[in-house]
Protein chains: 2
Amino acid sequence: MVFMKTDLEMDRDLSKQIADAIRNSIIDGGLIVDQRLPSEAELCDQFGVSRPTVREALKRLAAQNLIRTQRGATGGAFVNRMSFEEAYGQQITTSTLLLSMNEVDFETACEARYAMERACVALSAQRRTADQLATMRAEIHRQSQPGLTDEAFCASDVAFHRALVDGAGNPVLSYQLAGAVEATQPLMNMITFSARSREAIVALHGRIADAIEAGDGGAADVALADLSTYTLTLAEQVRAARAARLPQN
Amino acid sequence: MVFMKTDLEMDRDLSKQIADAIRNSIIDGGLIVDQRLPSEAELCDQFGVSRPTVREALKRLAAQNLIRTQRGATGGAFVNRMSFEEAYGQQITTSTLLLSMNEVDFETACEARYAMERACVALSAQRRTADQLATMRAEIHRQSQPGLTDEAFCASDVAFHRALVDGAGNPVLSYQLAGAVEATQPLMNMITFSARSREAIVALHGRIADAIEAGDGGAADVALADLSTYTLTLAEQVRAARAARLPQN
DNA sequence: AAAAACCATTTGTCAGACATTTGAAGTTGT
DNA sequence: ACAACTTCAAATGTCTGACAAATGGTTTTT
């Protein structure tokens, strides 16, 4: 097993170079899933570096879920299968950090999320399972119960939309949307939902579920567009109220 | 600066625990962008571990682009701003690995990609800049030139679609779509585009560009749907031809 | 006052050692 | 012959101590 070194070694971070070399081997198929990497000692010899350096490289790969390590006689580092579950997690943390650190405004995040979600509803109307529809109905019921905290309401909202997205029956779509839906939740949490606005949202969710149940993708799309518009209206109201409270500064 | 340890320490990988503690501090805002982390020696004291262990933790975070390190007197580890550029990169590698290692079939990946792309075209028709439209036209022109390798044709295809997506003027959408578009390129590369199929694709691209230029989102959506259908047809032909060549096994 | 030399701080790397886990080979008892 | 136990070797996890290299600040010299 031989790893390629990049031609331009302008990078003097050895552990990064080694990590990149191994990652490239994984990506281009030189190392396949569940294959065992050489032991740390062998990697030391191959790259001509010390064990701590090799270990730092392996930890970089482990942080990206590209490999897993196992102790013991038959242990070592093994190439991970990138599961959809792990990809969900990475997608969500990346999206969350991106939104929080770049101060993406609510409108932009919302627009992106609903635009992609509308790409799913037509498929969802055709393919959703009875189970997914039941989940949507259950979440709608939960949302209509009084005394729910804003956080619980938002969490139910996320569950509803994930069921809607999963209804498309396309795992790649679900994976992509997971990040978008979850990452916008912290922004949604900043909106205080009045009893009346909750009623309106529940009604819109009901319209979506009805359309999905009837297999009417067009109606579901319209309902989702209405929900998007209403969400933006709510955000606008919240911002106006906040501005009124703090007239200057 | 104090880091929280998780209550259930069922994990006996110290470097992972430390990395998680610091990452949580970054996510929940305890550490803000460009803030300097304690030096490695200080972290050793705080967590009661040795320097290699702390370093492995820091390398994990560096692998996720959460921190950057700098040598020298005023050096150290600093919290990174998660730029859209870096997020693109992570999104693309994750998506690529996911598609290659889970053997997602062409139809599923294509469906997801075009579904999300259709979510952009309506916005793109309204907002695209003259620059983005020019990029689309330039790529179409390149695609129509004979003697192009399949790889170059696919690369131009990616550039065209990225310009189309960027036309929506929503960086979050661009970030999400980057992964979907780039990750499907390796699958696209497996299709050998005949001269006739290239002509058809260029014509469809032209229809899309025309609709975008006219601001007609509906027409652009129809054209993109046609492109999606045609791509799937091509894939089906390639598969049929391959099956005919290898009748058994 | 400007340039050079020096220094302290911090990360990058190395060598060697010990602890811990874990499967496999060998041993023993029935 | 088979099952249970013991031992062992391989591999990762961690620690100690040290030196190298980079880098900004400080001091000295011109």
Side-chain angles (χ1 to χ4, degrees), chain A residues 1 3 5-6 8-23 25-26 31 34-80, chain B residues 1 3 5-6 8-23 25-26 31 34-80:
Chain A
M1 183 163 336
F3 297 99
K5 282 192 179 181
T6 56
L8 296 195
E9 308 258 342
M10 43 189 288
D11 199 344
R12 51 293 239 166
D13 199 331
L14 281 177
S15 71
K16 186 171 172 55
Q17 287 176 35
I18 294 169
D20 288 344
I22 298 177
R23 177 170 49 234
S25 279
I26 295 177
L31 291 166
D34 289 337
Q35 185 172 349
R36 183 181 174 282
L37 270 68
S39 73
E40 295 178 354
E42 290 173 283
L43 289 173
C44 292
D45 291 344
Q46 285 188 28
F47 289 103
V49 298
S50 68
R51 206 171 144 228
T53 304
V54 163
R55 281 183 61 76
E56 287 181 5
L58 293 178
K59 292 311 167 193
R60 293 182 111 107
L61 299 173
Q64 299 175 300
N65 277 320
L66 285 173
I67 63 171
R68 63 181 181 279
T69 57
Q70 195 178 1
R71 294 219 281 200
T74 60
F78 299 84
V79 178
N80 252 344
Chain B
M1 185 165 333
F3 297 99
K5 283 192 180 182
T6 55
L8 297 195
E9 308 258 342
M10 44 190 290
D11 198 343
R12 50 278 222 205
D13 198 332
L14 281 177
S15 69
K16 187 170 170 53
Q17 289 177 34
I18 295 170
D20 288 343
I22 298 177
R23 177 170 45 235
S25 279
I26 295 177
L31 290 167
D34 288 337
Q35 185 172 348
R36 183 180 177 280
L37 271 68
S39 72
E40 295 178 356
E42 290 174 285
L43 289 173
C44 292
D45 292 342
Q46 285 188 27
F47 289 102
V49 298
S50 68
R51 207 173 141 227
T53 304
V54 163
R55 281 183 61 78
E56 287 182 6
L58 293 178
K59 292 311 163 193
R60 294 181 109 107
L61 299 174
Q64 299 175 302
N65 278 320
L66 284 173
I67 62 171
R68 64 182 181 278
T69 57
Q70 195 179 0
R71 294 219 279 201
T74 58
F78 299 84
V79 178
N80 251 345

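Computed from a prediction, not measured in an experiment: that's the story for all the values here. Below, all heavy atoms of this structure are taken into account, side chains as well, without hydrogens, waters or symmetry copies. Chain letters run A, B, ... following the sequence lines, proteins first and then strands; every chain starts at 1.
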message: Distance check, rounded to the nearest 0.5 Å: B:I26 atom CD1 versus B:N80 atom CG?
response: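 Rounded to the nearest 0.5 Å, the CD1-CG separation comes out at 8.5 Å.
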Rounded to the nearest 0.5 angstrom, the CG-CD distance for A:L37 and A:Q35 is 7.5 Å
What residues 51-63 of chain B contributes to the DNA chain D interface at heavy-atom separation below 4.0 Å is B:R51, B:P52, B:T53
Given [options], which nucleotide is nearest the side-chain atoms of [X]?
{"X": "B:R71", "options": "C:dG12, D:dT14, C:dT13", "result": "C:dG12"}
{"X": "B:E40", "options": "C:dC14, C:dG12, D:dT12", "result": "C:dG12"}
{"X": "B:S50", "options": "D:dA21, D:dT12, D:dT16", "result": "D:dT16"}

Here the salt bridge (Lys or Arg N to Asp or Glu O under 4.0 Å) pairs for residues 42-51 of chain B, sequence neighbours left out, are B:E40-B:R51
Across all chains, not counting sequence neighbours, the side-chain contact (heavy atoms from CB on, under 4.5 Å) partners of A:S50 are A:P52, A:T53
Length of the [atom1]-[atom2] vector between [X] and [N], whole Å:
{"X": "A:R68", "N": "D:dA11", "atom1": "CZ", "atom2": "P", "value": "17 Å"}
{"X": "B:F47", "N": "D:dT14", "atom1": "CZ", "atom2": "C1'", "value": "16 Å"}
{"X": "B:D13", "N": "C:dT21", "atom1": "CG", "atom2": "C1'", "value": "13 Å"}
{"X": "B:L43", "N": "C:dT11", "atom1": "CG", "atom2": "P", "value": "8 Å"}
{"X": "B:L14", "N": "D:dT14", "atom1": "CG", "atom2": "P", "value": "4 Å"}

- Query: Hey, does the side chain of B:R68 reach the backbone of B:A77 with a donor-acceptor pair shorter than 3.5 angstrom?
  - Reply: no
Let me have the donor-acceptor pairs involving side chains of residues 56-65 of chain A, under 3.5 Å, with sequence neighbours excluded, atom names and distances please.
| residue | atom | partner | partner atom | Å |
| --- | --- | --- | --- | --- |
| A:E56 | OE1 | B:R55 | NH2 | 3.3 |
| A:E56 | OE2 | B:R55 | NE | 2.7 |
| A:E56 | OE2 | B:R55 | NH2 | 3.3 |
| A:R60 | NH1 | A:S15 | OG | 2.9 |
| A:Q64 | OE1 | A:R23 | NH1 | 2.6 |

Considering only heavy atoms from C-beta outward, does the side chain of B:V49 approach that of B:I18 to under 4.5 Å?
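Answer yes - side chains close enough.
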Is A:T69 close enough to D:dA11 that one of its side-chain N or O atoms is under 4.0 Å from OP1 or OP2 there? no
Residues B:F78 and B:D34: closest non-hydrogen pair is CD2-O, 3.7 Å
Nearest-nucleotide check on DNA chain D, B:V49 vs A:A77; residue mapping nearer the 5' end is A:A77
Quick test: give all pairs of protein nitrogen or oxygen and nucleotides 24-28 of chain D nitrogen or oxygen below 3.5 Å, distance rounded to 0.1 Å.
none

